[in-house]
Amino acid sequence: MSGSAAGPSCLVTNDWICGEYLRTRSQELVDATVQHIGITAVSVAIGLLIAFPLALLARHRRGAAGPVLGLTTVLYTVPSLAMFALLTPVFGVSAAVVVTGLVLYSLTILVRNILAGLQAVPAEVREAARGMGYGPARLLFEVELPLALPAVVAGLRIATVSTVAMTTVGSVVGYGGLGNLIASGMEGFFKAEVLTASVLCVLLALAADVLLMGLQRLLTPWTRAQARAKSPARRGARTPKAVG
């Protein structure tokens, strides 16, 4: 009687927004979210480790810049389904297929941004550091990389957000995190499952972007100091002089 008075369950009526779905499938949602975060984090981390030496190679050897940038661009144009299909005979049906594909896709963004950041370091800064006795390694890690951090983190943010989105395609091999729920929900037209998993994907992308933005601010405090120093100067420049 109480069930009838309350009306049919939102699961029965297949509503888009359903609190009962969240209560009854909470563990399934948590497992899918954890898998999604894990695949994304591992893919971006490996991509960054590979992109860094490739960017250094492209910067130090002019003849290598074209092939490196061209190859990473070509990889990015391969459709994700085709990429995973090509990798499956090598890795089998496993998470390695998805991670490898996402790593290859991330290289386009990461290599270009790391290279752009390093090339933007003023030549006079490098010369001053060399004059102070900085060797190549110390120059790179203590001078060039800190100055290139804004461009590097910008590329990392783009790569991470795009990887969060592309991880869902891994559902074709059963390792798509929240994409698995989206795929199964679409197959059975389970509205609550599709909407909830999709919203969680968006929230993951936003959270990752905000965290990386905070990391950039934490690692580059001098950029905020420079902005504060320039702000009063700009205001002073706009203030008209008093006429005596």
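Sequential numbering from 1 along the given sequence is applied to the chain's residues. Note that the structure is predicted; figures quoted are calculated from it, not measured.
No donor-acceptor contact under 3.5 angstrom links the side chains of Thr72 and Arg112, judged on distance only.
Using a 4.5 Å heavy-atom threshold, the side chains of Tyr21 and Leu29 count as touching. Counting only heavy atoms from C-beta outward, the side chains of Val68 and Val111 approach each other to under 4.5 Å. Contact check for Val152 versus Asn113: no side-chain heavy atoms found under the 4.5 Å cut-off. In this structure, the side chains of Leu118 and Leu56 come closer than 4.5 Å at one or more pairs of heavy atoms. At a threshold of 4.5 Å between non-hydrogen side-chain atoms, the residues Met83 and Val169 do not count as touching. Within the 4.5 Å cutoff, no side-chain heavy atoms of Val34 are placed close to those of Ile37.
A 6.0 Å sphere centred on CD of Glu187 holds no more than 12 heavy atoms belonging to other residues, nucleotides or ligands. Crowding of Ile17 atom CD1: a count of heavy atoms from other residues, nucleotides or ligands under 6.0 Å not exceeding 12.
The minimum heavy-atom distance linking Ala55 with Leu115 is given by the pair O-CD1, 3.7 Å. In plain terms, the two heavy atoms of Tyr175 and Ile39 that are nearest each other are O-CD1, 3.4 Å. Here the shortest heavy-atom pairing between Cys201 and His36 reads SG-CE1, 3.7 Å. Residues Val194 and Met186 approach most closely at CG2-N, 3.5 Å, considering heavy atoms. Contact record, Val103 with Ser43: CG2-O, 3.3 Å, taken as the closest heavy-atom pair. Of all the heavy atoms in Ala197 and Ile182, the pair that sits closest is CB-CG1, 3.5 Å.
Looking only at distances, a side-chain donor or acceptor of Ser184 sits under 3.5 Å from a matching main-chain atom of Leu181. Put simply, the side chain of Asn180 gets close to the backbone of Gly176: a donor and an acceptor are under 3.5 Å apart. Distance alone, capped at 3.5 Å, places no donor-acceptor pair between the Arg157 side chain and the Met213 backbone.
Atom CG of Leu87 is separated from atom OG1 of Thr100 by 6.0 Å, given to the nearest 0.5 angstrom. With values rounded to the nearest 0.5 angstrom, Leu102 atom CG is found 10.0 Å from Ile46 atom CD1. Rounding to the nearest 0.5 Å gives a distance of 6.0 Å between CG of Leu149 and CG of Leu219. Note that CG of Leu140 and CG of Leu145 are 4.5 Å apart. Values are rounded to the nearest 0.5 Å. The CD1 atom of Ile50 sits 10.0 Å away from the CG atom of Leu110 when rounded to the nearest 0.5 Å. In this structure, the separation between OG on Ser9 and CD on Glu20 is 3.0 Å, given to the nearest 0.5 Å.
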From CA spacing to verdict: side-chain hydrogen bond (donor to acceptor under 3.5 Å, both in side chains), Gln35, Asp31: CA-CA 6 Å; Gln35 185 186 76; Asp31 292 342; over 6 Å; no
Apply side-chain contact (heavy atoms from CB on, under 4.5 Å) to Arg126 and Val143, showing your working. CA-CA 8 Å; Arg126 293 193 183 96; Val143 178; 5.9 Å; no
Go through it in stages, so that I can follow the logic: the residues are Arg25 and Thr196, the test is side-chain hydrogen bond (donor to acceptor under 3.5 Å, both in side chains), and I'd like the CA-CA distance, side-chain angles, deciding distance and then a yes or no. CA-CA 11 Å; Arg25 305 288 184 89; Thr196 304; over 6 Å; no
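Val97 and Val90 fall within a single hydrophobic cluster, where Ile, Leu, Val, Met, Phe, Trp and Tyr are joined by side-chain heavy atoms under 4.5 Å apart, directly or via other members. A chain of hydrophobic side-chain contacts below 4.5 Å, direct or via other Ile, Leu, Val, Met, Phe, Trp or Tyr residues, connects Val78 to Leu104. Transitive grouping of hydrophobic side chains (ILVMFWY, heavy atoms separated by less than 4.5 Å) brings Met166 and Leu107 into a common cluster. Under a hydrophobic-cluster definition in which Ile, Leu, Val, Met, Phe, Trp and Tyr are linked whenever side-chain heavy atoms come within less than 4.5 Å, directly or via other members, Leu81 and Val173 are assigned to the same cluster. Put simply, Leu156 and Leu49 are part of two different groups of oily side chains (I, L, V, M, F, W, Y) that touch within less than 4.5 Å, one to the next.
In summary, of the residues considered (Thr40, Thr160, Leu178), a side-chain contact (heavy atoms from CB on, under 4.5 Å) with Leu204 occurs for Leu178 alone.
Using the six-membered ring where Trp is involved, Tyr76 and Tyr105 have ring planes that are perpendicular, over 60° apart on the 30 and 60° scheme.
Using a 4.0 Å cut-off between a side-chain N of Lys or Arg and a carboxylate O of Asp or Glu, Arg138 and Glu144 do not qualify as a salt bridge.
For the pair Arg130 and Tyr134, the cation-pi test (distance below 6.0 Å, angle within 45°) is failed.
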